[in-house]
Amino acid sequence: MEMEKKLKELKEHISTYPDFPTPGIVFRDMFSLLRNPAAFKDLRDVMVEVTKRNIPDAQAVVGLESRGFLFGSVLAIELGIPFIPIRKPGKLPGELNSVTYQLEYGTDKFEIQKESVQPGLKVLLVDDLLATGGSLKAGCQLIEESGGEVAGCLVIMELLELRGRDKISQPVFSLLEF
Ligand SMILES: O=P(O)(O)OC[C@H]1O[C@H](OP(=O)(O)OP(=O)(O)O)[C@H](O)[C@@H]1O
Ligand SMILES: Nc1ncnc2[nH]cnc12
């Protein structure tokens, strides 16, 4: 099946919840897609194809906690490159770099292990969803502060009207647009 058709079908597997978790937020639930094994497999194939086509020189996948871990780890296995986590505070051992950022609903802090990023490492940053762009921007900042280079970002879903990609100077690829 060609990519466009696959993407159209995948989008139909995303359930929508108005006013969750707070009034005014339209929540796009990717877990409804993951419940369907054939759809999850198709999503994996599309992620791999888009990455190989657009970010072929990625040397590691960095995933953002927590939903970014699900897709980032699948991609790292398929590409045969390391998976590196960026986590919420207090979860990672060892020497860390950290950054504080704004969410669509609230603020939070991210941490990465210094030893996980070698100087000049070309990174593919992965998350489930791009909303205001605060998380992805913080992720890029953290990778660069740690000595890495963001070769590109991949998100499964993008909420277009929030214009999150305007905050990101690195190339951003999204699969399903809302
Ligand atoms: O573009 P932004 O406005 O920054 O929003 C997108 C981020 O918000 C959600 O994460 P959340 O902090 O809810 O964490 P979770 O994945 O652990 O549920 C989502 O998984 C993205 O990481
Ligand atoms: N609207 C939304 N739907 C799902 N996850 C989100 N994370 C941030 N905003 C979101």
Side-chain angles (χ1 to χ4, degrees), residues 7 10-36 39-40 43-44 46-47 50-51 55 58 60-76 83-93 96-113 116-117 123-146 148 150-178:
L7 288 173
L10 287 173
K11 199 171 165 182
E12 284 161 15
H13 287 281
I14 303 287
S15 299
T16 299
Y17 295 85
D19 298 319
F20 179 88
T22 54
I25 301 292
V26 180
F27 195 85
R28 306 289 179 178
D29 184 23
M30 58 158 223
F31 288 114
S32 50
L33 188 153
L34 270 49
R35 282 198 293 270
N36 183 308
F40 198 177
L43 179 62
R44 175 200 65 186
V46 173
M47 287 192 300
V50 168
T51 304
I55 318 167
V61 175
V62 171
L64 296 184
E65 183 172 358
S66 58
R67 286 171 276 169
F69 287 1
L70 287 160
F71 304 108
S73 57
V74 166
L75 203 45
F83 175 82
I84 299 166
I86 284 182
R87 295 209 67 182
K88 307 279 168 74
K91 309 266 187 169
L92 287 170
L96 308 174
N97 286 326
S98 69
V99 67
T100 302
Y101 64 98
Q102 291 285 328
L103 268 183
E104 192 183 6
Y105 37 86
T107 75
D108 217 334
K109 191 175 166 193
F110 273 151
E111 293 179 340
I112 195 168
Q113 288 168 304
S116 66
V117 184
V123 163
L124 163 61
L125 180 58
V126 175
D127 204 2
D128 64 318
L129 180 140
L130 174 61
T132 65
S135 306
L136 212 58
K137 187 177 172 209
C140 289
Q141 227 173 301
L142 206 42
I143 290 160
E144 286 172 355
E145 277 174 26
S146 306
V150 180
C153 305
L154 176 69
V155 294
I156 309 306
M157 297 182 277
E158 177 176 7
L159 309 185
L160 291 174
E161 65 179 19
L162 293 173
R163 308 191 63 88
R165 69 166 58 234
D166 294 353
K167 290 201 180 83
I168 319 289
S169 44
Q170 293 82 358
V172 178
F173 302 92
S174 69
L175 306 182
L176 311 176
E177 297 179 335
F178 292 91

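The structure displayed is predicted, hence computed values, not measured ones. Both counts, for ligands and for their atoms, begin at 1 and track the order of listing.
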**Asked** According to the interplanar angle, ranging from 0 to 90°, do the rings of Phe69 and Phe83 count as parallel (below 30°), tilted (30 to 60°) or perpendicular (above 60°)?
**Response** perpendicular
**Request:** Please test Leu43 against His13 for side-chain contact (heavy atoms from CB on, under 4.5 Å), starting from the C-alpha separation and ending with a verdict.
**Result:** CA-CA 11 Å; Leu43 179 62; His13 287 281; over 6 Å; no
**Fill in**
Looking at Leu129, Thr132, Asp128, Ile25, the heavy atom closest to atom 6 (C) of ligand 2 belongs to Leu129
**Request:** Please identify which atoms of ligand 2 are closer than 4.0 Å to at least one heavy atom of Val26.
**Result:** 1 (N), 2 (C), 3 (N)
**Message:** With heavy-atom distances below 4.5 Å as the criterion, would you say the side chains of Asp108 and Tyr101 are in contact?
**Reply:** yes
**From CD1 (Ile156) to NZ (Lys11), nearest 0.5 Å** = 14.0 Å
**Fill in**
Counting from 1 in the order shown, the ligand 1 atoms closer than 4.0 Å to a non-hydrogen atom of Ser135 are 2 (P), 4 (O), 5 (O), 6 (C), 7 (C), 22 (O)
**Item:** Closest to atom 9 (C) of ligand 1 among Met30, Arg28, Arg67 (heavy-atom distance)
**Value:** Arg67
**Complete:** So the atoms of ligand 1 within less than 4.0 Å of a heavy atom of Lys88 turn out to be 12 (O), 14 (O), 17 (O)
**Prompt:** atom 6 (C) of ligand 1: which of Thr132, Asp128, Leu129 has the nearest heavy atom?
**Reply:** Leu129
**Message:** Can you confirm, on distance only, whether ligand 1 has an N/O atom lying under 3.5 Å from any N/O atom belonging to Gly133?
**Reply:** yes
**Item:** With sequence neighbours excluded, residues passing side-chain contact (heavy atoms from CB on, under 4.5 Å) with Ser66
**Value:** none
**Request:** Select one of side chain, backbone, both or neither to describe which atoms of Asp127 lie under 4.0 Å from any atom of ligand 1, heavy atoms only.
**Result:** side chain
**Asked** Looking only at heavy atoms of Arg67, does any of them come nearer than 4.0 Å to an atom of ligand 2?
**Response** yes
**Message:** Run the ring-ring contact (aromatic ring centres under 6.0 Å, His included) test against Phe40 and tell me which residues pass, sequence neighbours left out.
**Reply:** none
**Message:** Just so I know, are the side chains of Val155 and Leu129 near enough to count as touching, which here means a heavy-atom distance under 4.5 Å?
**Reply:** no
**Message:** Can you tell me if Gly164 contacts ligand 1 (heavy atom of the residue under 4.0 Å from the ligand)?
**Reply:** no
